[in-house]
Amino acid sequence: MATTSVTTAQQSSFTNRIIHGDCIEVMRQMPANSIDFVLTDPPYLVNYRDRTGRSIHNDVNSDWLKPAMTEAYRVLKQDRVAIMFYGWTKVDEFFAAWKDAGFQPVGHIVFRKAYSSKSRFLSYRHEQAYLLAKGRPPLPRQPVADVIDMPYSGNKLHPTQKPVAALAQLIRSFTLSGDTILDPFAGSASSCASALLTGRRYIGIEMDGTYYDAAVKRMQRVHQRVAVKQLSGAGIPTQV
Ligand SMILES: C[S@@+](CC[C@H](N)C(=O)[O-])C[C@H]1O[C@@H](n2cnc3c(N)ncnc32)[C@H](O)[C@@H]1O
């Protein structure tokens with residue numbers, strides 16, 4: 001009984017917050033088996049830079065990958081899932097890190113875009129994520145399709161900003177109202193915004209000060225919006 005109450009208190013100090021820091025260090029302070037769903041979009045290891053010069057921390061070296069996946073696995077509850085985007089050119093490194101941590105791949109999701117992110121050998125029009133299990137999670141009653149349309153987010157807050165509409169359906173499928181969703185590579189807090197808009201709790205971790213500030217301000221707007229929505233009964237907004 002004493003252990004449970006300590007665990008609850010420890011977790012609640014992280015809940016519904018965007019934390020500024022290195023997710024490996026932050027997750028090490030979190031209790032094991034305390035998170036209901038990990039939904040994250042780590043750096044793709046491609047040294048990304050957008051047209052305006054914005055870049056992403058840790059997008060060159062993969063030193064962080066294995067320790068981060070070990071911690072994500074540890075904090076996730078038994079018999080739960082994680083969804084993690086990844087860079088397809090480095091699939092071998094991501095796969096090794098997930099398997100070493102203990103995750104079992106149980107699905108693969110293609111996010112179809114109506115525009116090309118670049119054109120070379122192909123016109124590149126999708127992003128991708130693995131569905132990863134810890135233990136034996138129960139099957140969802142109505143599984144979502146593993147091809148999901150991904151509208152353009154506008155990338156105003158972050159160069160690889162994900163649209164909330166695409167993330168919200170995954171959160172609804174794999175969690176219940178009140179569950180806690182962790183995004184250790186939160187960027188502009190798209191997963192956290194999607195969690196809050198669907199009635200879940202969130203923990204976001206972001207090491208870049210500029211994106212952290214954007215995420216905190218965004219979550220303030222989302223909290224206000226949710227308060228208004230509870231009064232008006234409105235649905236998920238496409239932009240927040
Ligand atoms: C691909 S972006 C995520 C973008 C996010 N999905 C969004 O919609 O805004 C990955 C983010 O992880 C952050 N990051 C990289 N290494 C990190 C670490 N060790 N701890 C916390 N954040 C990290 C980067 O600064 C970057 O913002």
Side-chain angles (χ1 to χ4, degrees), residues 3-4 6-45 56-87 90-107 129-137 158 160 162 167 170-171 174-175 179-192 194-195 200-209 211-212 215-216 219:
T3 313
T4 307
V6 168
T7 300
T8 307
Q10 280 174 332
Q11 188 188 330
S12 63
S13 68
F14 294 94
T15 303
N16 282 353
R17 281 182 58 203
I18 304 292
I19 297 153
H20 188 198
D22 182 332
C23 66
I24 300 165
E25 303 304 323
V26 176
M27 286 191 284
R28 280 187 183 139
Q29 296 165 41
M30 292 169 59
N33 304 307
S34 58
I35 296 295
D36 297 293
F37 182 42
V38 174
L39 176 57
T40 196
D41 178 27
Y44 299 167
L45 306 174
I56 293 172
H57 269 309
N58 275 338
D59 203 28
V60 182
N61 77 83
S62 60
D63 299 350
W64 52 272
L65 185 53
K66 281 194 179 185
M69 295 309 144
T70 301
E71 288 307 311
Y73 185 86
R74 187 185 66 80
V75 299
L76 184 64
K77 288 180 184 169
Q78 186 66 22
D79 301 329
R80 294 287 184 151
V81 296
I83 291 181
M84 303 211 201
F85 287 81
Y86 68 95
K90 297 289 161 64
V91 61
D92 47 347
E93 288 198 54
F94 280 92
F95 228 78
W98 291 326
K99 290 228 161 178
D100 278 10
F103 285 114
Q104 283 302 319
V106 291
Y130 266 99
L131 174 64
L132 303 158
K134 175 174 177 178
R136 296 178 62 107
H158 194 287
T160 64
K162 299 289 178 286
L167 304 180
L170 296 169
I171 290 173
F174 291 107
T175 63
D179 278 358
T180 300
I181 286 119
L182 168 68
D183 185 349
F185 300 93
S188 62
S190 304
S191 312
C192 300
S194 309
R200 277 66 170 166
R201 296 172 224 253
Y202 65 88
I203 300 172
I205 309 168
E206 173 53 49
M207 77 181 333
D208 183 304
Y211 301 141
Y212 164 77
V216 169
M219 291 314 295

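- Ring pair Y212/H20 is parallel by interplanar angle, where below 30° counts as parallel and above 60° as perpendicular.
- Minimum heavy-atom separation, L132 to P105: CD2-CA, 3.9 Å.
- Closest non-hydrogen pair, A133 versus V106, comes out as CB-CG1, 3.8 Å.
- Residue I181 holds its CD1 atom at 11.0 Å from OG1 of T15, rounded to the nearest 0.5 Å.
- Rounded to the nearest 0.5 Å, atoms OG (S190) and CG (L167) are 6.5 Å apart.
- What you find for P43 and F185 is that their closest heavy atoms are CD-CD2, 3.7 Å.
- Between the side chain of K77 and the backbone N or O of V75 there is no donor-acceptor pair closer than 3.5 Å.
- Between K90 and S62, every side-chain heavy-atom pair lies at or beyond the 4.5 Å cut-off.
- Using a 4.5 Å heavy-atom threshold, the side chains of F85 and K162 count as touching.
- Among residues two or more places apart in sequence or in another chain, the side chain to side chain contact (heavy atoms under 4.5 Å, CB included) test is passed with E25 by D22, R28.
- Taking OG of S191 as the start and OH of Y202 as the end, the distance is 12.5 Å to the nearest 0.5 Å.
- Not counting sequence neighbours, D59 has no partner by the salt bridge (charged side-chain N to carboxylate O under 4.0 Å, His left out) test.
- Side chain to side chain, T175 and R200 meet the donor-acceptor criterion of an N or O pair below 3.5 Å.
- Side-chain atoms of E71 and R74, non-hydrogen and from C-beta on, do get closer than 4.5 Å to each other.
- Separation of the F95 and Y86 ring centroids does not fall under the 6.0 Å cut-off.
- Rounding to the nearest 0.5 angstrom, the gap separating the CZ atom in R201 from the CG atom in L182 is 14.5 Å.
- Heavy atoms only, all atoms of each residue included: V38 and A72 are closest at CG2-O, 4.3 Å.
- Judged purely by atom type and a 3.5 angstrom limit, K134 uses its side chain to pair as donor or acceptor with the backbone of L76.
- In this structure the side chain of W98 never reaches within 4.5 angstrom of the side chain of Y73, judged on heavy atoms.
- In this structure the side chain of M84 never reaches within 4.5 angstrom of the side chain of F94, judged on heavy atoms.
- Of all non-hydrogen atoms in A97 and L65, the two that sit nearest each other are CB-CG, 3.7 Å.
- M27 approaches P184 most closely through the heavy-atom pair CE-CB, 3.9 Å.
- Of the charged side-chain nitrogens involved, at least one lies within less than 4.0 Å of a carboxylate oxygen, so that D36 and R80 count as a salt-bridged pair.
- Side-chain atoms of W64 come within 3.5 Å of backbone N or O of N58 as a donor-acceptor pair.
- Once rounded to the nearest 0.5 Å, the distance linking CG of D41 with CG of D183 reads 7.5 Å.
- Expressed to the nearest 0.5 Å, how far CD1 of I203 lies from CE of M30 amounts to 4.0 Å.
- I83 places a side-chain heavy atom less than 4.5 Å from the side chain of F174.
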